[in-house]
Asker: 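What follows is a single structure, and I will ask about it in a moment.
Protein chains get the first letters and strands the later ones, always in sequence-line order, with residue 1 at the start of each.
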Amino acid sequence: AQSVTQLDSQVPVFEEAPVELRCNYSSSVSVYLFWYVQYPNQGLQLLLKYLSGSTLVKGINGFEAEFNKSQTSFHLRKPSVHISDTAEYFCAVDRSTSGTYKYIFGTGTRLKVLA
Amino acid sequence: DAGVIQSPRHEVTEMGQEVTLRCKPISGHNSLFWYRQTMMRGLELLIYFNNNVPIDDSGMPEDRFSAKMPNASFSTLKIQPSEPRDSAVYFCASGGDTGELFFGEGSRLTVL
């Protein structure tokens with residue numbers, strides 16, 4: 001069965017420090033990969049996506065992620081975080097090769113940026 | 001573009017009452033999803049429509065839950081009768097051809 005694992009439920013980090021949020025997936029077929037962010041009392045919004053091509057994907061707000069097929073990982077990184085990055089981050093896999101939204105979401109990682 | 005619009009934003013009701021949540025997807029999107037989010041279970045897909053037709057409702061927890069999409073610009077999720085364990089944030093999301101989901105701000109349901 002398909003699954004997405006976000007190993008860290010919470011990640012505290014000081015402002016201006018780098019951060020990596022981990023995501024691993026299990027899949028025997030090609031997948032599309034996504035990171036979404038959820039700010040308090042809001043819906044999820046797309047940070048970045050990997051569909052094909054370059055394995056390093058750049059998204060909004062200075063975030064980037066690297067698709068590693070051999071390790072089945074799609075870790076999210078930011079070199080210097082801001083207080084405003086405090087939010088919950090969800091990794092998601094769409095296992096449909098035709099992009100028909102067979103999404104599986106991870107359990108989320110709560111990023112808390114400390115002053 | 002107004003985005004995905006959900007109503008009500010907050011609903012407090014008593015056990016046994018009927019609850020109806022509403023969603024207006026982004027114009028032109030042909031896919032619509034209802035998700036439920038709780039601390040215990042995270043994000044759960046309840047049902048997925050494509051071109052107004054329910055494609056996958058395997059996530060609907062039980063017969064008390066029903067969803068409709070009478071046209072491309074409107075969907076409802078109904079719970080009848082509601083129970084305290086239904087308390088959650090319910091999200092509607094829509095998608096077009098890009099693979100990206102656009103979420104509404106959610107409807108927070110509290111069943112007493």
Asker: Taking C-beta and beyond as the side chain, do Leu45(B) and Tyr103(A) meet within less than 4.5 Å on heavy atoms?
Answerer: no
Asker: If you look at every heavy atom in Phe91(B) and Gln38(A), which pair is closest and at what distance?
Answerer: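 Taking every non-hydrogen atom into account, CZ-NE2, 3.3 Å.
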Asker: Do Val111(B) and Trp34(B) sit in one hydrophobic cluster, given that two such residues count as connected whenever their side-chain heavy atoms are within less than 4.5 Å of each other, even indirectly?
Answerer: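 Yes; Trp34(B) is reachable from Val111(B) via cluster members.
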Asker: Looking at side-chain heavy atoms only, is the closest gap between Tyr36(A) and Glu100(B) below 4.5 Å?
Answerer: yes
Asker: Applying a heavy-atom distance below 4.5 Å, give me the residues of residues 43-52 of chain A that approach chain B, sorted by number.
Answerer: Gly43(A), Leu44(A), Leu46(A), Lys49(A), Leu51(A)
Asker: Atom CG of Asn41(A) and atom CZ of Arg9(B): how far apart are they, to the nearest 0.5 Å?
Answerer: 7.5 Å
Asker: Should Phe65(B) and Phe49(B) be counted in the same cluster of Ile, Leu, Val, Met, Phe, Trp and Tyr side chains packed under 4.5 Å apart?
Answerer: yes
Asker: Is there a path of hydrophobic side-chain contacts, each under 4.5 Å between heavy atoms, that joins Leu21(A) and Tyr39(A)?
Answerer: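 Both belong to a single hydrophobic cluster.
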Asker: Check whether Val37(A) and Val13(A) end up in the same hydrophobic cluster, where Ile, Leu, Val, Met, Phe, Trp and Tyr are linked by side-chain heavy atoms less than 4.5 Å apart.
Answerer: yes
Asker: Give, as side chain, backbone, both or neither, the part of Arg108(B) having an atom under 4.5 angstrom from any heavy atom of chain A.
Answerer: side chain
Asker: Which bit of Gln6(B) is near chain A, if near means a heavy-atom gap under 4.5 Å: side chain, backbone, both or neither?
Answerer: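 Looking at Gln6(B), nothing touches chain A.
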Asker: Do any pairs count as a salt bridge (Lys or Arg N to Asp or Glu O under 4.0 Å) and have a residue in residues 32-42 of chain A, sequence neighbours left out, and if so which ones?
Answerer: none
Asker: Between atom CD1 of Ile104(A) and atom CG of Leu43(B), what is the distance when rounded to the nearest 0.5 Å?
Answerer: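 Going from the CD1 atom of Ile104(A) to the CG atom of Leu43(B) covers 12.5 Å.
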Asker: Is Leu77(B) reachable from Val4(B) through a run of I, L, V, M, F, W or Y residues, each pair having side-chain heavy atoms under 4.5 Å apart?
Answerer: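 The answer is no; the residues belong to distinct hydrophobic clusters.
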Asker: More than 12 foreign heavy atoms under 6.0 Å from CZ of Arg64(B): is that the case here?
Answerer: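 Yes.
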Asker: Tell me, yes or no, whether the heavy-atom count around Glu83(B) atom CD, taken from other residues, nucleotides or ligands under 6.0 Å, exceeds 12.
Answerer: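 Count over threshold, so yes.
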Asker: Counting only heavy atoms not in Asn71(B), do more than 12 sit closer than 6.0 Å to its CG atom?
Answerer: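 Yes - once you tally the heavy atoms of other residues, nucleotides and ligands closer than 6.0 Å, there are more than 12.
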